[in-house]
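When reading the values below, keep in mind they use all heavy atoms of this one structure, side chains included, and skip hydrogens, waters and symmetry mates.
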Amino acid sequence: LELKAGRAESDPDATLRAELRQEVLHKLIGGASLPAARREALFAQLESGQLEAVAVQATDSALRRAALERIQRAGFLGDRAIAESDPAIRLWLVERIDAPATLERIEDAARKKDKRLYKRIREKLDAIANAVETPERIEARGMALCAALEQVLRTVPT
């Protein structure tokens with residue numbers, strides 16, 4: 001497999017390189033191992049659809065995560081956060097997603113399936129909501145500061 005992966009990187013015939021990449025990819029998805037350097041070189045040459053196939057079909061969770069690290073499409077990452085079998089990868093994927101709509105979609109799917117993931121999504125959505133400055137939030141913060149100042153004034157001797 002390593003020999004084929006090497007040829008997939010360096011063979012002068014583009015057709016043969018593509019065929020070898022596809023063969024190595026299928027063997028990786030099936031559970032064959034490949035040194036990290038060769039795997040990274042192979043991943044660098046893959047198209048996004050091929051990386052997504054690895055992220056969905058690979059039997060090895062480390063290989064799925066390595067493929068997911070290279071994928072940037074938020075919708076796909078959201079789908080994987082719902083369907084991924086490894087809980088650590090699901091949490092890692094949620095950390096990569098910042099879109100509230102995608103987080104809410106994952107939250108709905110995780111509500112009864114993965115309580116830890118659900119809790120982390122709730123925390124993240126709350127943090128996003130708290131980061132948005134609305135007139136009501138500004139007023140509430142101002143009122144809290146005034147109340148704290150009044151409390152300090154009451155305790156200071158005249």
Side-chain angles (χ1 to χ4, degrees), residues 1-138 140-141:
L1 185 61
E2 188 172 350
L3 177 63
K4 287 183 180 183
R7 291 286 305 271
E9 293 173 31
S10 62
D11 196 88
D13 183 4
T15 306
L16 181 59
R17 279 195 316 268
E19 288 175 9
L20 287 170
R21 271 196 305 270
Q22 196 63 32
E23 185 177 342
V24 171
L25 184 64
H26 284 294
K27 290 193 184 284
L28 280 175
I29 289 172
S33 64
L34 194 63
R38 288 277 190 217
R39 185 181 67 210
E40 290 299 317
L42 176 66
F43 278 8
Q45 298 172 1
L46 295 179
E47 298 171 1
S48 64
Q50 293 170 316
L51 279 172
E52 290 175 1
V54 173
V56 171
Q57 299 170 6
T59 56
D60 181 29
S61 62
L63 186 62
R64 287 194 310 272
R65 182 173 172 146
L68 287 166
E69 286 174 354
R70 295 195 174 272
I71 297 171
Q72 300 301 319
R73 199 163 58 91
F76 180 79
L77 295 176
D79 292 342
R80 289 311 309 152
I82 293 169
E84 176 60 45
S85 60
D86 187 339
I89 294 177
R90 284 195 303 264
L91 278 172
W92 173 76
L93 284 168
V94 164
E95 295 305 322
R96 290 186 60 196
I97 298 170
D98 293 325
T102 304
L103 288 170
E104 288 169 357
R105 185 169 56 92
I106 300 167
E107 177 190 33
D108 288 340
R111 180 168 284 132
K112 293 185 180 175
K113 187 170 109 176
D114 186 343
K115 297 296 182 186
R116 200 168 128 203
L117 183 67
Y118 175 78
K119 181 181 176 190
R120 179 61 193 124
I121 293 170
R122 279 288 1 125
E123 291 169 355
K124 196 164 182 177
L125 284 170
D126 290 343
I128 291 170
N130 289 337
V132 175
E133 290 293 336
T134 62
E136 294 82 16
R137 285 188 183 276
I138 294 169
R141 195 170 60 229

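Rounding to the nearest 0.5 angstrom, the gap separating the CG atom in L25 from the CG atom in L20 is 12.0 Å. Note that CZ of R80 and CD1 of I71 are 9.0 Å apart. Values are rounded to the nearest 0.5 Å. Note that CZ of R120 and CG of L117 are 10.0 Å apart. Values are rounded to the nearest 0.5 Å. Here the straight-line distance linking atom CD1 of I121 with atom CG of D108 works out to 9.0 Å at 0.5 Å rounding. Expressed to the nearest 0.5 Å, how far CD1 of I106 lies from NZ of K124 amounts to 9.0 Å. From E69, atom CD reaches atom CG of L51 across 11.0 Å, with rounding to the nearest 0.5 Å.
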Donor-acceptor contacts under 3.5 Å from residues 87-94 side chains, at least two apart:
{"unit_1": "R90", "atom_1": "NE", "unit_2": "D114", "atom_2": "OD2", "d": "3.1"}
{"unit_1": "R90", "atom_1": "NH1", "unit_2": "E84", "atom_2": "O", "d": "2.7"}
{"unit_1": "R90", "atom_1": "NH1", "unit_2": "S85", "atom_2": "O", "d": "3.4"}
{"unit_1": "R90", "atom_1": "NH2", "unit_2": "D114", "atom_2": "OD2", "d": "2.8"}

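When all heavy atoms are compared, the tightest approach of E107 to L125 is OE1-CD1, 3.7 Å. The two atoms that bring V24 and A5 nearest to each other are CG2-N, 3.8 Å, heavy atoms only. The two residues Y118 and A110 have their closest heavy-atom pair at CB-O, 4.0 Å. Among all heavy-atom pairs drawn from A55 and A67, the shortest one is N-CB, 3.9 Å. The two residues T102 and A74 come nearest to each other via the heavy atoms CG2-O, 4.1 Å.
Each of R17, K27, Q50 was scored for a side chain to side chain donor-acceptor pair (under 3.5 Å) with Q22, with one residue passing: Q50.
Shown here is K112, whose NZ atom has no more than 12 heavy atoms of other residues, nucleotides or ligands within 6.0 Å. Remark: E47 CD is loosely packed, at most 12 non-hydrogen atoms of other residues, nucleotides or ligands lying under 6.0 Å away. Heavy atoms from other residues, nucleotides or ligands lying under 6.0 Å from CZ of R70 number more than 12. Annotation: R116, atom CZ; neighbour count of heavy atoms from other residues, nucleotides and ligands within 6.0 Å does not exceed 12.
For the side-chain contact (heavy atoms from CB on, under 4.5 Å) test, residues two or more places apart in sequence or in another chain that qualify with D13 are D11, T15, L16. With sequence neighbours excluded, the residues satisfying salt bridge (charged side-chain N to carboxylate O under 4.0 Å, His left out) with R141 are E133.
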Full working for side-chain contact (heavy atoms from CB on, under 4.5 Å) between L63 and L28: CA-CA 8 Å; L63 186 62; L28 280 175; 3.9 Å; yes
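Using a 4.5 Å cut-off on side-chain heavy atoms (C-beta onward), R105 and D79 make contact.
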